[in-house]
Structures are given as structure tokens and as C-alpha cells.
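Chain letters run A, B, ... following the sequence lines, proteins first and then strands; every chain starts at 1.
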2 protein chains.
Amino acid sequence: MVSTKIILIGNINSAKKAGEIVSRYRKMQELTQVELAGLAQTGVRFISELENGKGTVQFDKVMHILDLLGIEVVAKER
Amino acid sequence: MVSTKIILIGNINSAKKAGEIVSRYRKMQELTQVELAGLAQTGVRFISELENGKGTVQFDKVMHILDLLGIEVVAKER
DNA sequence: CACAAATATTCCTGATAGGGAATAATACCA
DNA sequence: TGGTATTATTCCCTATCAGGAATATTTGTG
């Protein structure tokens, strides 16, 4: 094995952080909220609220969105 | 800077994974669910459901539990 | 600036999360 | 195996999430 580049995006310690990342990566991929909602089989309102940091969103829904955007989530010891 | 050891725990792509990690790290720190719930100002039932993989748990609550257990969550490109 | 596209917010509604507390089921040891 | 601690599940309840759709607001361009 030669070497593999890992592209870190940042820490996620809240829905606010997750929302910022979702917003940024959605735009990078030139998707509208409506399109992303369609891909995720979810409501547009959910995407909007998530991107705006709503903390009570459901965990698995968020993880699914991140996955759709090609974002991997890793746990490590602090 | 000399070198810093990063201890990876694993990927989190669902509440199921998050729950497994919470369960393992809670036990490593010799905490009962009741104690962890106390620390997190949450109900014991929530901890139990989280550890058992309930996908609809609230995002921020989960992140808070992970943080309490000394677990950091990082996003990276897949 | 004007207009169009995108996003945010509101209203209405059914479904359910989560708390507390009680109980049932498991796990753990002597 | 019996007894205890721990965890899972149930019930009751209030609060609110998430969807759809309409509307308001913001953003991006010519």
C-alpha cells in the first residue's frame, strides 16, 4: 500500500455543526434542498431545519443525509 | 511536535453503531445506565433505547452522551 | 433594481419521543 | 442456585417532530 489521503472535514459535536457541513457539501454538489430531500426520501423542511442546526432532528435521518453526501463519520477517543 | 496517537473507535453510520459504542464505553468507565443518565440529565430509558439502536433518538442528545464518554466525532470525505 | 430560484417559516395534523415510575427480564456472583 | 444489581420494557402523559403545502423571505443574476 502506498498511501491514502484522508480528507478531514471537521468535528461534529452538535446538530449545528452537522447542519453546516450538510449545507456546505450539498452546495458543493450543486444540489438544492428539494433535490436532496428527494434523494433522502424526506421532507424539504427537514433539510432546512437540519441545515439551520435544529438539535432535535432524528439521528438516523441525519446520518443518512451525511452518507448521501459522501461524508463518513468516525468516532475516536478524545 | 513529536507525534500524537489517535485512537480510532470506529465508523458511525447509524444509531445502532452509536449505541454499541456508547454501551461499550459506558461499561469501560464502569458507569451504569442510571449513572450516565444522571450525568447527561436525561432519562434512563433514553440511554437504554440508544444503546439498543433506536434510530429516532434526537441527534443532540446522542452527541452529548458521546461527548460525556470522551468520544469525539469527526467527519471526513468518503 | 427587477425577477426568478432557492430557502425559511408558518399552519395543520398524525405519530411518536422522552420523562417518570413500575415491572419484567437479564446478568452477575457468591 | 439464590439473590441482587442492572438493564429492558411497559404504561401514562405532554411536547413536539416531520410531512405537505402555502406563504414569506432571502439570494443570486442579468
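Summarising the geometry, the separation between CD on A:Glu30 and C1' on C:dA5 is reported as 14 Å, rounded to the nearest angstrom. Distance A:Lys54 NZ to D:dT16 P: 10 Å, rounded to the nearest Å. In this structure, B:Leu36 places its CG atom 14 Å from P of D:dT6, rounding to the nearest Å. Straight-line distance from the CD atom of B:Glu49 to the C1' atom of C:dG20: 13 Å, rounded to whole Å. When the P atom of C:dG19 is taken as reference, atom CD of B:Gln41 falls 11 Å away, rounded to whole Å. Rounded to an integer number of Å, the gap from B:Phe46 CZ to D:dT9 P is 16 Å. The distance from atom CD of A:Glu51 to atom C1' of D:dT26 is 14 Å, rounded to the nearest whole Å. In this structure, B:Ile47 atom CD1 and D:dT9 atom P are separated by 15 Å, rounded to whole Å.
Within the model, atoms CG of B:Leu69 and CZ of A:Arg78 stand 9.5 Å from one another, a figure rounded to the nearest 0.5 Å. Separating the CD1 atom in A:Ile12 from the CD1 atom in B:Ile12 is a distance of 9.0 Å, to the nearest 0.5 Å. To the nearest 0.5 Å, atom CD1 of residue B:Ile9 and atom CD1 of residue B:Ile21 are 6.0 Å apart.
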Item to check | side chain to side chain contact (heavy atoms under 4.5 Å, CB included) between A:Ile65 and A:Phe46, intermediate numbers included | outcome: CA-CA 11 Å; A:Ile65 297 285; A:Phe46 173 76; 4.2 Å; yes
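Nearest to the side-chain atoms of A:Gln33 among the listed nucleotides C:dA8, D:dA18, C:dA17 stands C:dA8. When distances are taken from the side chain of B:Thr42 to each of C:dG18, D:dG19, C:dG19, the shortest belongs to C:dG19. When each of D:dT7, C:dA17, C:dA8 is scored by its nearest atom to the side-chain atoms of B:Thr32, the top-ranked nucleotide is D:dT7.
Neither OP1 nor OP2 of C:dG18 sits under 4.0 Å from any side-chain N or O of B:Lys61. Taking 4.0 angstrom as the limit, A:Asn52 places a side-chain polar atom (N or O) nearer than this to OP1 or OP2 of C:dA8.
Comment: B:Arg26 does not engage B:Glu35 in a salt bridge, judged by the lack of any side-chain N to carboxylate O separation of less than 4.0 angstrom. A salt bridge does not link B:Arg24 with B:Glu20: none of the charged nitrogens is closer than 4.0 Å to a carboxylate oxygen.
Contact annotation for B:Val44: no contact, since no heavy-atom pair falls under 4.0 Å across all strands.
Cluster partners of B:Val2: none. The rule joins Ile, Leu, Val, Met, Phe, Trp and Tyr whenever side-chain heavy atoms lie under 4.5 Å apart, and it links nothing here.
Comparing B:Arg26 and B:Arg45 by the nucleotide of DNA chain D that holds the closest heavy atom to each, the one mapping nearer the 5' end is B:Arg26.
Axis angle across the helix from C:dC1-D:dG30 to C:dA30-D:dT1, with five pairs used at each end and values rounded to 10°: 70°.
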